[in-house]
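One structure is given below, encoded as structure tokens.
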Amino acid sequence: MEIKKKDIRALSKEQLREFFVKEGDKAFRGNQVYEWLWNKSVHRFEDMTNISLDTREMLERHFTINHIEVDQLQRSSDGTIKNAVRLHDGLIVESVLIPAKNRTTACVSSQVGCSLDCKFCATAKLKRMRNLNPDEIYDQVVAIDRESRLYHNRPLSNIVFMGMGEPLMNYNNVLKAIDKITSPEGLGMSPKRIVVSTSGIPKMIKKMADDEVKFKLAVSLHSAIDEVRTSIMPFNATFPLKDLREALEYWYAKTKNRITYEYVVWDGINDSKKDVDALVEFCKFAPSKVNLIEYNPIDDGEFQQANSKALDLYISTLEAHNITVTVRRSRGKDIDAACGQLANKST
Ligand code: SAH
């Protein structure tokens, strides 16, 4: 029976160094291989050209290099690119490249499917199948960076964890991936250019603050009234706004990083003055800004974007209270690449 080989990228640099010492080689060999695996992102031992043939064959006997494969690439008329990415066990997730004037953003997935049940999100229909490993998150970023260079002549500049899944439900792996993305031995990107978007899990927001993470935080709020929020984001019954608010105050006290609230205004759901006032109150607890996101319809059509009058009421009221508000237009709609539309339609 063939023994299942271990994925070499599950090893830390220290473990790799120890492995080489145990094999009678120098610890330094571990550093060289580590650089091939992460900084250079090679998928085959034979491509590690400064490693001797014997060593490469030895590695081949012990390990595999699990890696993603871009299964399908779709390009939108606005320059957005959506990758359907095949994982080593055949499951598929999606990631998106969003080009703008001064930046290129990668929107990456953190889980296959999602365990939360947000009523307006296409990914919710898939349920959660599994967490992504750090290398699977990292590889999505590498793939987008390569596409950015190829199709837009510039490297990737920003990353948002707004693809499939809830990043704080896969916290350890997301953190490990970000460590690699920001490390000079990986991609060397600044953590300030990374946003982790969460539906708002209080305990984990506090943990992030305690871990003194350097990336930015966005919270998908959508309503500052418990009843309304629970009706569209049912987990709010378990983690009510009072707990979220307390966690966000804790986050700000520790990190001094302001919070972005993502917010969609829907017809008949959160488009009244009462909803606007509740949001203004919520924004007072910690320095924050509001990103009004355009709604991207998903198939069953239960939700509809509110009219521009409702949107204007949000904008003018927030501005009157000196709360920064931006309106984010959706990108890549023609290829189902916009927020909340990632649901493996291509497969
Ligand atoms: N689970 C995380 C990250 C994934 S969702 C989170 O909840 O933040 C990324 C963003 O897209 C969230 O703000 C989410 O509320 C929003 N979103 C989900 N479905 C959407 C839709 N159909 N139209 C617009 N935005 C949507």
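Read the numbers this way: they start at 1 and go in the same order the structure lists the ligands and their atoms.
- Between G165 and ligand 1, at least one pair of N/O atoms sits closer than 3.5 Å.
- Of the possible donor and acceptor atoms, one in the side chain of K5 sits under 3.5 Å from a partner among the backbone N and O of E60.
- Where the criterion is an N or O separation shorter than 3.5 Å, residue side chain and backbone included, V264 fails it with respect to ligand 1.
- Close approach of ligand 1 to H222 is summarised as follows: ligand atoms under 4.0 Å from at least one heavy atom of the residue are 14 (C), 15 (O).
- Side-chain N or O atoms of T105 include none that pairs as donor or acceptor with a backbone N or O of N158 at under 3.5 Å.
- Ligand 1 has G163 within reach: a non-hydrogen atom of the residue lies less than 4.0 Å from it.
- Below 4.0 Å from some heavy atom of S199 lie the following atoms of ligand 1, by number and element: 6 (C), 7 (O), 8 (O).
- Near E294, with a cut-off below 4.0 Å to any heavy atom, the atoms of ligand 1 are 24 (C).
- Residue contacts with ligand 1: E262 is placed with a nitrogen or oxygen under 3.5 Å of a nitrogen or oxygen of the ligand (distance criterion only).
- Listed by number with element, the atoms of ligand 1 under 4.0 Å from a non-hydrogen atom of C121 are 18 (C), 19 (N).
- Using a cutoff of 4.0 Å between basic side-chain nitrogens and carboxylate oxygens, D145 and R149 are scored as salt-bridged.
- Remark: aromatic rings of F282 and Y263 are distant, center separation not under 6.0 Å.
- Y314 and D275 share no side-chain donor-acceptor pair at under 3.5 Å.
- Residue-level proximity to ligand 1 for M164 is absent, since no heavy atom of it falls below 4.0 angstrom.
- Distances below 4.0 Å separate heavy atoms of S220 from the following atoms of ligand 1: 6 (C), 7 (O), 8 (O), 12 (C), 13 (O), 14 (C), 15 (O).
- Distance alone, capped at 3.5 Å, is enough to place a donor-acceptor pair between the R9 side chain and the N66 backbone.
- For the residue pair D78/S76, the side-chain donor-acceptor check at 3.5 Å is satisfied.
- Looking at M169, Q305, M162, it is M162 that brings a heavy atom closest to atom 9 (C) of ligand 1.
- Under 4.0 angstrom from ligand 1, the non-hydrogen atoms of T198 all belong to its backbone.
- Ligand 1 lies nowhere less than 4.0 angstrom from a heavy atom belonging to P297.
- In this pair, W266 and Y295 present their aromatic rings perpendicular. The plane angle is above 60°, beyond the 30 to 60° band.
- Between T198 and E166, the side chains place a donor N or O and an acceptor N or O closer than 3.5 Å (distance only, hydrogens not considered).
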